[in-house]
Amino acid sequence: MLVDLNDGKCRSCSGQLEVAGADDATIDVKCTECGDGYTVEPDAFNDGGIKYWPEAMVEFGEDL
């Protein structure tokens, strides 16, 4: 799942982020441009943790 550029960009190059994983407390993201990856909090994209985190939990097979 890609993060909307209006919601968040790569810290290193301002490129497109892709959600690469999630658990009960974090979301793992990776830049599609430079390959940089890091872990963020579920509400890192100013969505209150209600868009990207639940979708990532479903996509990666974790129980909510």
Checklist outcome for this item: Of Asp28, Val3, Leu2, the one forming a side-chain contact (heavy atoms from CB on, under 4.5 Å) with Glu18 is Leu2

Can you give me every donor-acceptor pair (side chain of residues 43-50, partner residue at least two apart or in another chain, under 3.5 Å) with its distance?
unit_1: Asp47; atom_1: OD1; unit_2: Gly49; atom_2: N; d: 2.9
unit_1: Asp47; atom_1: OD2; unit_2: Lys51; atom_2: N; d: 3.1
unit_1: Asp47; atom_1: OD2; unit_2: Tyr52; atom_2: N; d: 3.1

Item to check | Shortest non-hydrogen contact from Val19 toward Ala56 | outcome: CG1-CB, 3.6 Å

Checklist entry - Can you name the closest pair of heavy atoms from Cys10 and Asp36 and give their distance? => result SG-CB, 4.3 Å

Next on the checklist: Any non-hydrogen side-chain atom of Phe60 less than 4.5 Å from a side-chain atom of Ile27?
Outcome noted: no

Checklist entry - Minimum heavy-atom separation for Val40 to Arg11, with atom names? => result CG1-NH2, 3.7 Å

Checklist entry - Partners of Thr32 by side-chain hydrogen bond (donor to acceptor under 3.5 Å, both in side chains), sequence neighbours excluded? => result none

Checklist entry - Taking C-beta and beyond as the side chain, do Ser12 and Cys31 meet within less than 4.5 Å on heavy atoms? => result no

Checklist entry - Looking only at heavy atoms, which two atoms of Glu33 and Cys13 are closest? And how far apart? => result CB-SG, 3.8 Å

Checklist entry - Take atom CD in Glu41; do more than 12 heavy atoms of anything else shown fall under 6.0 Å from it? => result no

